[in-house]
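Everything on this sheet refers to the single structure shown next.
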Amino acid sequence: MKIIGTGSVLPKKIVTNEMLSQFLDTSDEWITTRTGVKSRHVISDEKLEDMAIEAAQKALADAGISAADLDYIICSNVVNEYITPQLSCIIQGGIGASCPCIDINCACAGFIFALDLAESHYKAGKVKNVLIVCAEEPSRMPDWADRRTCVLFGDGAGAAVLGPGDNIKSIKLSSSSATDRLWQMRRLQPTPFITKEEEDVPLQMKGQEVFKFAVKAAEKDIRRTLEEVNCTPDDVDHYLLHQANIRIIDSIRHSMEQPQEKFPTNIEDHGNSSSSSCPILLDECRKAGRFKPGDLISMSAFGAGFVSGAVLFEW
Ligand code: UT7
């Protein structure tokens with residue numbers, strides 16, 4: 001397939017590190033040096049589904065196709081206010097499409113897993129045009145009294161439309177169960193029969209273990225995509241990495257021995273927006289005129305599960 005349109009939407013409320021320091025035992029200095037985040041956009045009165053629909057409409061307008069031309073909608077989401085229906089069905093109604101829809105929860109790696117699904121359906125001859133929307137509100141997951149987690153995240157929606165083409169050169173995915181490193185639980189409605197104990201547990205994270213996993217997995221995934229098509233790290237024009245921590249991005253860059261100019265970032269004013277991070281960065285780079293036709297782009301993301309993946313594609 002080929003990415004033929006992108007779009008993104010951010011909530012209007014901007015929360016700076018200084019604002020966080022007013023109610024948490026933290027500082028701009030700590031957050032900036034340990035993560036690279038200076039501020040983030042967080043949901044206040046917006047509904048995530050409205051942001052997802054708007055991002056989808058922008059991507060369709062950019063692609064120059066209508067919702068009626070879509071054959072499949074994939075939405076990547078970890079949490080939103082609806083347990084059911086799936087967010088992709090809400091997006092379908094909002095944009096006026098009528099094709100099948102599916103939601104996936106592959107945490108922060110959702111965009112890469114969604115690209116793989118789209119590409120597989122395309123190669124099977126089932127679809128021509130696919131809409132991927134990553135819509136995330138990770139600010140709703142941590143305990144906002146927990147300085148170790150709440151400072152990291154920002155919300156947003158990023159979308160991409162894919163059409164016929166052979167621009168996706170390689171995709172590699174991996175999953176390895178590590179359910180005690182990054183997790184959250186919610187209590188469901190009680191029934192007359194439930195006897196087990198259930199808890200509401202906000203987001204829990206073993207930060208250093210996630211950090212080490214991220215660096216190792218991303219480098220491995222990226223190298224596997226390159227090897228499959230006989231390319232080297234030097235052949236890549238742009239590395240678009242999941243915006244989780246600037247130190248993770250820098251470690252990957254150093255081990256790939258690549259210059260900083262190839263690694264655009266927006267973590268400074270977005271924080272970690274889970275699976276939306278990659279398509280938002282993609283959309284911002286496109287709008288900034290950063291890509292030329294034929295440029296080789298490597299995108300990689302990792303998240304809870306653990307899951308990780310990389311895709312190599314031509315612009
Ligand atoms: O999309 C995937 C999601 N997650 C990630 O990608 C996270 C990956 N991990 C990380 O990014 C880093 O591990 C963190 C940014 C989460 C933490 O950085 P770190 O350098 O690993 O710090 P640490 O957890 O080792 O904590 C160092 C100290 C601790 O204090 P003590 O025990 O040394 O006294 C923490 O309590 O920093 C303290 N600390 C803070 N201090 C000020 C933790 N959070 C904060 C904070 N402000 N916000």
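Just so you know, ligand 1 is whichever comes first in the structure, and atom 1 is the first atom listed for that ligand. The analysis underlying the following values was restricted to heavy atoms, covering all of them including side chains, and did not include hydrogens, waters or symmetry mates. Position 1 is the first residue of the sequence; numbering continues from there. For clarity, every value in this text was computed on a predicted model and none was experimentally measured.
Protein heavy atom closest to atom 44 (N) of ligand 1, with residue, atom name and distance, is W30 CH2, 3.2 Å. At the shortest separation from atom 5 (C) of ligand 1 among protein heavy atoms lies V210 CG1, 3.7 Å. The protein atom (non-hydrogen) at minimum distance from atom 3 (C) of ligand 1 is N272 ND2, 3.6 Å. Among protein heavy atoms, atom 47 (N) of ligand 1 sits closest to T26 OG1, 2.6 Å. The closest protein non-hydrogen atom to atom 30 (O) of ligand 1 is R147 NH2, 4.2 Å. Nearest protein neighbour of atom 18 (O) of ligand 1, counting heavy atoms only, is R247 NH2, 3.4 Å.
Checked by atom type, the side-chain pair Q204/D180 shows no donor-acceptor distance below 3.5 Å. Between the side chains of S39 and D269, no donor-acceptor pair of N or O atoms lies under 3.5 Å. The closest side-chain donor-acceptor pair between S21 and S27, if any, does not fall under 3.5 angstrom. In summary, the side chains of T265 and E268 do present a donor paired with an acceptor at a separation below 3.5 Å, with no hydrogens or angles considered. In this model, no donor atom of one side chain and acceptor atom of the other lie less than 3.5 Å apart for T35 and N245. For the residue pair S76 / S275, a side-chain donor-acceptor distance below 3.5 Å is found, with atom types taken as modelled. Side-chain atoms of T26 and R147 form no donor-acceptor pair, as typed in the model, at a separation below 3.5 Å.
Residues F313 and V130 share a hydrophobic cluster, clusters being chains of Ile/Leu/Val/Met/Phe/Trp/Tyr side chains in contact below 4.5 Å.
Atoms of ligand 1 found under 4.0 Å from any heavy atom of T35 (numbered from 1 in listed order, with element): 15 (C). Each of the atoms 2 (C), 6 (O) of ligand 1 lies under 4.0 Å from some heavy atom of F302.
In this structure, atom 42 (C) of ligand 1 has protein heavy atoms in its sub-4.0 angstrom surroundings. Note that atom 32 (O) of ligand 1 has no protein non-hydrogen atoms nearby, at separations under 4.0 angstrom.
Summarising the contacts of atom 11 (O) of ligand 1 with N17, I246, N245, the nearest heavy atom is found in N245. Across G207, A244, C150, G303, heavy-atom proximity to atom 6 (O) of ligand 1 is greatest for A244. Checking R148, R34, E29 against atom 26 (O) of ligand 1, the nearest heavy atom belongs to R34. When M205, Q243, Q208, H242 are ranked by how near their heavy atoms come to atom 7 (C) of ligand 1, first place goes to M205.
Of the residues H270, H242, Q243, E136, the one that meets the side-chain hydrogen bond (donor to acceptor under 3.5 Å, both in side chains) test with S277 is H242.
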